[in-house]
Amino acid sequence: MYPASFEYLAPTTLDDAIAHLDEHGDEGKVLAGGQSLIPLMKLRFAAPTALIDINRVGDLGDAIVSGSGGLVIGALVRHKDCERSEHLRGRYAALGRAAPQISDPIVRNHGTVCGSLAHADPQGDWGSVLLAAGAEVAVRGPGGASRTISIDDLLAGPFMTTLEPNEIITEVHVPDPGPRASGTYLKLERKIGDFATVGVAVQVSLSNGSVGRAGIALTGVGPTNMRARAAEEALVGRAPDENAIKDAARLAAEAAQPRDDVRGTAEFKRSVVRVYTERGLRQAVAEAQAGQEGG
Ligand SMILES: Cc1cc2nc3c(=O)[nH]c(=O)nc-3n(C[C@H](O)[C@H](O)[C@H](O)COP(=O)(O)OP(=O)(O)OC[C@H]3O[C@@H](n4cnc5c(N)ncnc54)[C@H](O)[C@@H]3O)c2cc1C
């Protein structure tokens with residue numbers, strides 16, 4: 001099916017892009033990689049009257065920048081850039097490991113990290129990885145207004161965010177998890193390129209042999225990508241031994257809200273959350289203890 005007709009706008013500055021969004025209100029949509037928006041328009045689930053293409057906006061970044069405070073991922077960074085980035089290794093390995101698990105090369109060549117977050121698909125992978133990492137987004141609105149929103153506060157429900165219709169995500173900030181840190185993303189899919197049946201993102205920072213910070217987030221088992229907070233809290237301050245890991249995995253499975261669907265039963269998905277949380281934590285802890293650079 002063809003999309004309903006729309007006006008196509010291709011601004012070259014962020015201010016112009018926001019002005020177009022402001023003018024069109026709920027009827028205007030940002031176009032980034034188009035990998036979620038265009039299929040929705042073709043199916044007529046979405047019919048914006050104006051598309052504001054941000055790909056020519058010079059003041060939006062297309063690079064991953066690593067600094068002393070952490071990483072900055074620009075609004076035009078594609079999944080493929082994350083797959084190849086030398087910055088997404090070691091303490092940031094969870095991001096580098098998630099990227100190649102997203103769909104196929106065509107989607108990864110076009111789709112953006114920020115577009116995934118704005119789309120807020122509960123089966124999207126970036127939401128979980130960035131929740132576990134404790135990331136936040138920088139957002140710009142009309143009149144130069146800017147704010148930052150934690151990923152926890154951004155994801156409001158299935159395909160819903162707390163963004164205003166006239167706001168654009170300009171970048172993602174990933175805090176530096178410290179030198180003794182690692183993480184991973186484990187995804188069960190029915191076949192290569194599928195959305196997650198279940199995904200588990202883990203991020204662990206060690207401090208004096210104990211867990212200083214833990215991030216655990218789940219894909220496909222709730223109305224949004226969701227933090228398993230009780231599981232995280234069960235790890236903090238403890239030695240990351242087998243008992244602590246098993247306790248956290250049990251709590252992560254309890255936190256999941258899976259439903260029966262074509263990808264599997266709720267019981268099966270809950271069990272996968274437990275097993276993947278255990279596996280992910282074992283790997284992240286071992287790498288953090290070794291100070292090893294993840295591949
Ligand atoms: C066949 C297929 C398989 C897929 N499989 C997976 C998968 O396994 N895992 C996964 O995570 N994803 C998957 N996706 C989704 C893909 O990752 C998309 O790239 C991503 O969800 C959206 O990014 P985009 O840049 O293409 O955004 P677009 O499609 O351009 O936009 C998506 C939404 O976000 C808004 N938006 C985009 N950028 C911004 C911004 N900077 N600020 C504010 N709003 C913005 C748009 O207005 C729109 O509402 C798949 C997509 C397809 C087509």
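Remember, it's a predicted structure, so these values are computed and weren't measured experimentally. Because only heavy atoms are used, hydrogens play no part in the values below, and waters and symmetry mates are left out as well, while side chains stay in. Atoms within each ligand, like the ligands themselves, are counted from 1 in listed order.
Counting heavy atoms from C-beta outward, Ile169 and Ile149 have side chains that stay 4.5 Å or more apart.
Contact annotation: for His79 versus ligand 1, heavy atoms closer than 4.0 Å belong to the side chain alone. Contacts between Arg108 and ligand 1 below 4.0 angstrom, taking non-hydrogen atoms only, are absent altogether. If you look at Val107 next to ligand 1, the close heavy atoms, those under 4.0 Å, all belong to the side chain.
Of the protein's non-hydrogen atoms, the one nearest atom 44 (N) of ligand 1 is Ala118 CB, 3.3 Å. Nearest protein heavy-atom contact of atom 41 (N) of ligand 1 is Ile169 O, 3.0 Å. For atom 21 (O) of ligand 1, the closest non-hydrogen atom of the protein is Ser36 OG, 2.8 Å.
For Ile102, the closest heavy-atom approach to ligand 1 falls below 4.0 Å. Asp194 counts as a contact of ligand 1, since one of its heavy atoms falls under 4.0 Å from the ligand.
Between Leu163 and ligand 1, no pair of N/O atoms sits closer than 3.5 Å. Where the criterion is an N or O separation shorter than 3.5 Å, residue side chain and backbone included, Gly124 fails it with respect to ligand 1. Backbone and side-chain nitrogen or oxygen atoms of Ile38 are examined, and none is located within less than 3.5 angstrom of a nitrogen or oxygen of ligand 1. For a threshold of 3.5 Å applied to N or O pairs, the pair formed by Pro39 and ligand 1 contains no separation below that value. Here's the thing with Glu167: none of its N/O atoms is less than 3.5 angstrom from an N/O atom of ligand 1. Close N/O approach between Trp126 and ligand 1 is not found [any backbone or side-chain N/O within under 3.5 Å]. Considering backbone and side-chain N/O atoms, Lys187 comes within less than 3.5 Å of an N/O atom of ligand 1. In terms of polar-atom proximity, Gln101 is not counted as a contact of ligand 1, lacking any N or O under 3.5 Å from an N or O of the ligand.
Ring-centre distance between Tyr92 and His87: not below the 6.0 Å cut-off.
For the atom pair CG (Asp22) and CD (Glu167), the distance works out to 10.5 Å, reported to the nearest 0.5 Å.
Checked for salt-bridge contact, Arg140 and Asp15 meet the test: a charged N lies under 4.0 Å from a carboxylate O. By the 4.0 Å N-to-carboxylate-O rule, Asp152 lies close enough to Arg229 to be salt-bridged with it. Ionic pairing of Arg97 and Glu287 is present here: one or more N-O contacts between side-chain nitrogen and carboxylate oxygen are shorter than 4.0 angstrom. A salt bridge between Glu189 and Arg263 is absent, with no side-chain N of the basic residue lying under 4.0 Å from a carboxylate O of the acidic one. Salt-bridge annotation for Arg84 and Asp81: absent, with no side-chain N of the basic residue lying under 4.0 Å from a carboxylate O of the acidic one. Taking 4.0 Å as the cut-off between side-chain N and carboxylate O, Arg78 and Glu83 do not count as a salt-bridged pair.
Proximity annotation for atom 10 (C) of ligand 1: of Asp125, Ile52, Leu76, Asp125 comes nearest, heavy atoms only. The heavy atom nearest to atom 19 (O) of ligand 1, considering only Cys114, Gly193, Gly111, is found in Gly111. For the residues Arg78, Lys29, Gln35, the heavy atom positioned nearest atom 49 (O) of ligand 1 is part of Lys29.
Between Asp53 and Asn55, the side chains place a donor N or O and an acceptor N or O closer than 3.5 Å (distance only, hydrogens not considered).
Checked by atom type and distance alone, the side chain of Ser205 never pairs as donor or acceptor with a backbone atom of Gly178 at under 3.5 Å.
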